[in-house]
Amino acid sequence: MSRFNALKADAHWQKVWDDRRTFAADDSSPKPKSYVLEMFPYPSGRIHMGHVRNYTMGDVLARFRRMRGFEVLHPMGWDAFGMPAENAAMEKKVHPRGWTLENIATMKAQLKRLGFALDWTRELATCEPDYYGQEQALFLDLYESGLVYRKESAVNWDPVDMTVLANEQVIDGRGWRSGALVERRKLSQWFLKITQFADDLLEGLNGLEHWPDKVKLMQENWIGKSEGLQFRFKLNGETAGADEVEVFTTRPDTIFGSSFVAIAADHPIAQALAAADPEVAAFVELCKAGGTSAAEIETQEKLGLDTGIRASHPFDSNWQLPVYIANFVLMDYGTGAVFGVPAHDQRDFEFASKYGLPIRRVVSEGDKTAPEFHDAEAYTGPGTLVNSHFLDGMDVPDAKRAVITRAEAGGWGTGTTVWRLRDWGVSRQRYWGTPIPMIHCEGCGVVPAPRESLPIELPQDVSFDVPGNPLDRHATWKHVDCPKCGKPARRETDTLDTFVDSSWYFIRFASQPKDKPFDKAIAEQWLPVGQYIGGVEHAILHLLYARFWTRALNHMGMIDVTEPFAGLFTQGMVTHASYYQIEESAEGVERKLYFEPSQIARRGDGTAFLTGTDEDVIVGRVEKMSKSKKNTVDPTEIVDQYGADAVRWFMLSDSPPERDLEWSESGIEGAWRFVQRLWRLFDGLAECADAEGADKDLDKKLHRAIAGVAQDIEALSFNKAVAKLYELVNAIERAQPSASRTAAVRTLARIAAPMVPHLAEEAWAAMGGEGLIADAPWPEVDPALLVDDEVTIAVQVNGKLRHTLVMPKGSAKDVLEAAALAADNVVRTLDGKAPKKVIVVPDRLVNIVA
RNA sequence: GCCCCUGUGGCGAAAUUGGUAGACGCGACCGACUCAAAAUCGGUUGCCGCAAGGCAUGCUGGUUCGAGUCCGGCCAGGGGCACCA
């Protein structure tokens with residue numbers, strides 16, 4: 001009996017698959033097509049366990065679909081533009097391109113080592129001109145269709161480094177390198193009109209049956225359709241040429257509870273006031289403090305400044321409301337102005353409490369109807385309108401309609417739909433991204449770059465010695481002649497958001513001609529992606545942008561697909577305990593000093609210490625593997641130790657794929673033991689190959705497993721498929737030699753093949769299987785073997801289990817009832833009392849109510 | 001601050017979607033094999049109890065003949081928030 005030599009088998013079969021191009025997808029295959037895709041990785045350096053888990057799941061599905069007779073497209077590529085390459089350039093004095101390509105080479109080798117059934121002939125990297133040049137062409141198409149425009153928008157500005165910062169680079173309101181307090185600064189930037197598709201993107205969610213509900217709900221909330229009233233307040237006096245201010249509200253019903261009007265700091269009225277009044281100017285300046293992220297803005301202290309302007313209530317011109325400039329009002333949402341109803345909006349409540357503004361109840365809460373409001377927080381629930389003139393007695397929805405009707409009849413407002421979704425700002429003031437193919441000419445304005453000038457390539461000779469965009473500082477790159485008038489002009493030096501790169505890569509995988517972004521007919525053969533797999537962290541942005549991009553292409557007639565991903569699966573993270581010691585700096589500040597798992601040993605009582613010493617180490621939380629916590633485990637080391645199949649098996653075992661998986665040494669060892677156990681079954685087959693006779697029980701278990709594993713893989717419930725394989729292996733091991741057992745072992749190789757493909761190929765070859773097991777069909781199920789003729793019936797008294805009965809399947813209700821009532825334990829429990837009621841669920845249970 | 005998710009033995013989990021809670025794996029314990037160890041194989045393992053039995057799915061209240069599953073309130077942990085990818 002031999003041991004399975006995983007390292008040898010891995011290398012051998014990976015070479016065979018490569019040489020035969022087993023997993024190259026054939027566009028012209030007559031088979032039904034299936035497109036399985038995992039989110040492509042950012043080439044950050046090395047593969048991490050999260051990648052291994054993600055790609056193993058996709059791989060099992062891809063291999064399974066192949067066995068089921070599909071022509072499968074399962075490609076891989078690199079989301080290769082992004083900030084880390086520029087950071088590496090600054091810190092390690094390397095070129096972003098060289099750094100990225102090196103990472104790609106490393107990570108590709110690591111992926112190949114895991115034996116994924118990938119079509120490497122379609123590999124692409126978004127940082128190559130082949131790819132981003134076609135992206136520039138698509139950007140021009142969008143521009144010509146009116147889906148691209150330019151507007152001012154706020155960025156995080158580091159006043160010391162004089163550079164734009166990503167939200168990630170703002171830590172506690174300060175620039176991560178300079179430590180300077182960050183402020184919001186306006187910049188003219190490129191935007192894509194995603195809001196034009198807001199309704200379509202929302203409606204489209206209904207058709208996505210194979211998406212998780214939670215992701216659909218998150219997108220729905222993100223798009224944030226709300227119906228409301230847009231209306232004008234008359235102002236006492238004129239400011240910036242305006243004698244009115246337009247506000248939007250989703251709660252027009254509460255209009256009689258309003259006690260102030262608030263406008264954004266960058267509202268035109270606020271700007272005009274600031275120009276004339278230094279006090280206002282100072283306040284507007286104060287509102288610019290801090291970064292642009294929602295979390296930061298919304299947790300900031302609420303600040304307001306009374307402008308002295310008064311607004312007339314639309315239903316009572318004698319009722320004057322103060323107009324404030326407030327830092328929590330966003331210019332980007334609605335009209336940049338709101339009216340405040342403190343009793344029924346928490347933010348307004350806090351604001352009114354702080355500035356001593358009236359708080360009036362206008363919606364009843366239970367029996368509370370008086371206008372005086374004494375609660376500690378706003379009431380936002382349902383109720384009846386009170387203290388509201390003609391609205392009194394209506395419920396909230398009726399009152400909303402009534403106010404909108406009056407406003408429209410009176411000509412001072414209209415019922416409107418507004419969206420939380422904002423247009424997509426794609427300009428980035430950075431080098432390592434797709435250059436935006438636009439030219440700025442003093443005479444002609446913005447001019448698109450001519451198609452024949454594409455790809456507009458990034459210059460290679462750039463320096464990262466000083467902060468800021470190297471493209472802007474480059475001596476020659478941005479200087480071009482205007483395509484229209486021929487005079488000297490300036491190239492756009494902003495690059496595209498990397499989310500643009502990932503918004504269409506799945507189309508380019510399906511078809512990648514040299515002269516255009518994709519071939520419509522070929523791409524449509526594969527699209528939409530049948531199953532897309534990736535992290536939940538992409539539930540909103542990436543997935544929404546890709547949906548938008550696909551719809552935009554559809555809108556332009558370039559593709560007959562509206563939704564890019566028919567099926568979506570969001571997988572959990574790979575986690576591990578972190579280990580640290582508390583270190584105190586000279587100033588007395590405590591900080592955690594992390595250690596790698598390989599440096600740690602455990603004592604019997606669970607405490608940990610540094611290997612080779614007796615220094616105690618604190619065992620921290622089990623959390624996402626990350627370099628900063630040093631709790632990562634390098635997959636390649638593990639694969640070299642245990643083989644690809646054991647790693648794959650572990651990634652699929654135990655934890656449901658949508659939940660987090662905790663990496664453990666014992667887990668991978670368990671997986672390795674199972675691989676060896678499987679091998680012993682295959683290897684031992686020769687000794688009893690000519691065994692005869694049927695084993696009906698084992699036949700049943702086998703066919704149950706074939707059906708069950710198929711169902712579980714199709715549902716991506718890999719942990720359940722794994723459990724079913726364990727059960728089958730347990731059953732086979734316990735069975736006596738027979739023809740049934742021999743058949744079960746041979747079939748087992750095929751059922752396990754998608755998960756442990758190297759072992760399966762080795763076994764298949766040893767058993768004299770024809771061709772590759774990768775090309776073998778999934779075994780057929782005999783439906784007759786799936787039915788049981790006997791069932792176990794639970795017998796309950798008052799819902800508590802007292803007995804079980806084994807009865808023929810389909811036994812009549814009265815038979816079951818009689819058998820249940822006759823059971824010893826039931827008689828004892830009833831203690832002579834007559835049952836009040838008996839509930840019988842055929843083939844399942846009898847519940848006696850006493 | 002806003003949106004979303006999760007919570008079941010010592011641990012990862014399963015439960016045909018309202019019908020026998022704990023399949024399967026890990027760990028632990030006992031035993032076989034061995035000079036010994038590893039590997040392997042067999043057994044035990046939710047908690048309390050000698051047993052009969054009772055108690056158990058984060059806490060709490062409800063609906064139901066019956067709740068891990070449905071509804072209300074709370075607690076804890078996690079993900080996202082538009083320039084991280």
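Just so it is clear: chains get the letters A, B, ... in the order the sequence lines come, proteins before strands, and each one is counted from 1. Keep in mind that this is a model prediction, so the values were computed, not measured.
- For the OP1/OP2 pair of B:A82 and a distance below 4.0 Å, the side-chain nitrogens and oxygens of A:N167 include at least one atom meeting the criterion.
- A:Y726 and A:F674 have tilted rings, their planes meeting at an angle from 30° to 60° on a 0 to 90° scale.
- Taking the P atoms as reference points, B:U60 lies 15 Å from B:C55, given to the whole Å.
- Residue contacts shown for A:V215 are absent, as no nucleic acid heavy atom lies under 4.0 Å away.
- Comparing B:A82, B:A52, B:A85 by their closest approach to the side chain of A:T498 singles out B:A85.
- Heavy atoms of A:S427 sit under 4.0 angstrom from at least one base atom.
- In the set B:C81, B:U20, B:C24, B:U20 carries the atom at the smallest distance from any side-chain atom of A:L801.
- Rounded to an integer number of Å, the gap from A:W211 CH2 to B:C4 P is 17 Å.
- For A:Y379, there are no ring-ring contact (aromatic ring centres under 6.0 Å, His included) partners two or more places apart in sequence or in a different chain.
- For B:G12, the base adopts the anti conformation, since its glycosidic angle falls more than 90 degrees from zero.
- Listed pair A:R673 / B:G27 meets the phosphate criterion, a side-chain N or O lying under 4.0 Å from OP1 or OP2.
- If you measure from atom CE of A:M218 to atom P of B:G79, you get 12 Å, rounded to the nearest angstrom.
- The C1' atoms of B:A36 and B:G27 are separated by 24 Å, rounded to the nearest whole Å.
- Backbone-only engagement by A:G425 is indicated by non-hydrogen atom pairs under 4.0 Å involving sugar-phosphate atoms exclusively.
- The distance from atom CH2 of A:W549 to atom P of B:A82 is 21 Å, rounded to the nearest whole Å.
- Within 4.0 Å of A:G82, counting heavy atoms only, lie sugar-phosphate atoms of the nucleic acid but no base atom.
- Below the 3.5 angstrom threshold, one finds no donor paired with an acceptor across the side chain of A:E669 and the base of B:C26.
- For the pair A:W419 CH2 and B:C81 C1', the computed distance is 19 Å after rounding to whole Å.
- Exactly one of A:W419, A:W424, A:W549 qualifies for a side chain to side chain contact (heavy atoms under 4.5 Å, CB included) with A:I194. That residue is A:W424.
- Ring centroids of A:F682 and A:F4 are separated by 6.0 Å or more, keeping the two rings apart.
- With A:S178 as the partner, the side chain to side chain donor-acceptor pair (under 3.5 Å) test is satisfied by one option alone out of A:D161, A:D158, A:T163: A:D158.
- Atom NZ of A:K214 and atom P of B:G80 are 11 Å apart (whole Å).
- Nucleic acid contact class of A:F499 (heavy atoms, under 4.0 Å, all strands): base.
- Taking atom C1' in both B:G12 and B:C74, one finds a spacing of 28 Å when rounded to whole Å.
- Residue A:W424 is out of contact with every strand shown, counting any heavy-atom pair closer than 4.0 Å.
- Partner of A:T434 under the side chain to side chain donor-acceptor pair (under 3.5 Å) criterion, out of A:T495, A:D501, A:T126, A:T498: A:D501 alone.
- For B:C65, neither phosphate oxygen OP1 nor OP2 lies less than 4.0 angstrom from any side-chain nitrogen or oxygen of A:N798.
- When rounded to the nearest whole Å, the span between NZ of A:K724 and C1' of B:G25 equals 15 Å.
- The side chain of A:N221 places no N or O atom within less than 4.0 Å of a non-bridging phosphate oxygen (OP1 or OP2) of B:G80.
- If you check B:C24, B:U20, B:C2 against the side chain of A:T792, the one that comes closest is B:U20.
- With A:F191 as the aromatic partner, A:K151 meets the cation-pi criteria of under 6.0 angstrom to the ring centre and within 45 degrees of the ring axis.
- For A:D79, the side-chain atoms get nearest to B:A85 when compared with the rest of B:C2, B:C83, B:A85.
- Atom CD of A:Q219 is separated from atom C1' of B:A82 by 13 Å (rounded to the nearest Å).
- OP1 or OP2 of B:A82 has not a single side-chain nitrogen or oxygen of A:R422 nearer than 4.0 Å.
- Nearest nucleotide to the side chain of A:K800, out of B:C65, B:C55, B:C2: B:C55.
- Stem analysis of RNA chain B (Watson-Crick or G-U pairs, both distances under 3.5 Å, runs of at least three) returns B:1-7 with B:75-81, B:10-12 with B:24-26, B:27-32 with B:40-45, B:46-48 with B:53-55, B:58-62 with B:70-74.
- Checking side-chain atoms of A:N327 against main-chain N and O of A:E301 turns up a donor-acceptor pair under 3.5 Å.
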Just the table, please: protein N/O against nucleotides 11-19 of chain B N/O, every pair under 3.5 Å.
| residue | atom | partner | partner atom | Å |
| --- | --- | --- | --- | --- |
| B:G12 | O2' | A:S655 | OG | 2.8 |
| B:G12 | N2 | A:D654 | OD1 | 3.1 |
| B:A14 | OP1 | A:N719 | ND2 | 3.0 |
| B:A15 | OP1 | A:K720 | NZ | 2.8 |
| B:U16 | N3 | A:R844 | NH2 | 3.3 |

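- Under the 6.0 Å cut-off for aromatic ring centres, A:W211 and A:Y532 do not qualify, their centroids lying 6.0 Å or more apart.
- In summary, the aromatic rings of A:F650 and A:W672 are positioned with their centroids too far apart to meet the 6.0 Å limit.
- At the heavy-atom level, A:R420 lies under 4.0 Å from base atoms of the strands shown.
- Listed nucleotides: B:C41, B:C83, B:C4. Nearest to the side chain of A:V155: B:C83.
- A:F569 has its CZ atom 15 Å from the C1' atom of B:G79, to the nearest Å.
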Salt bridge (Lys or Arg N to Asp or Glu O under 4.0 Å) assessment of A:D497 paired with A:R428: CA-CA 6 Å; A:D497 179 3; A:R428 298 293 180 269; 3.0 Å; yes
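- For A:E665 against B:C26, no side-chain N or O and base N or O form a donor-acceptor pair under 3.5 Å.
- The aromatic ring centres of A:F81 and A:Y132 sit less than 6.0 Å apart.
- Across all strands shown, A:E86 has no heavy atoms under 4.0 Å from either base or sugar-phosphate atoms.
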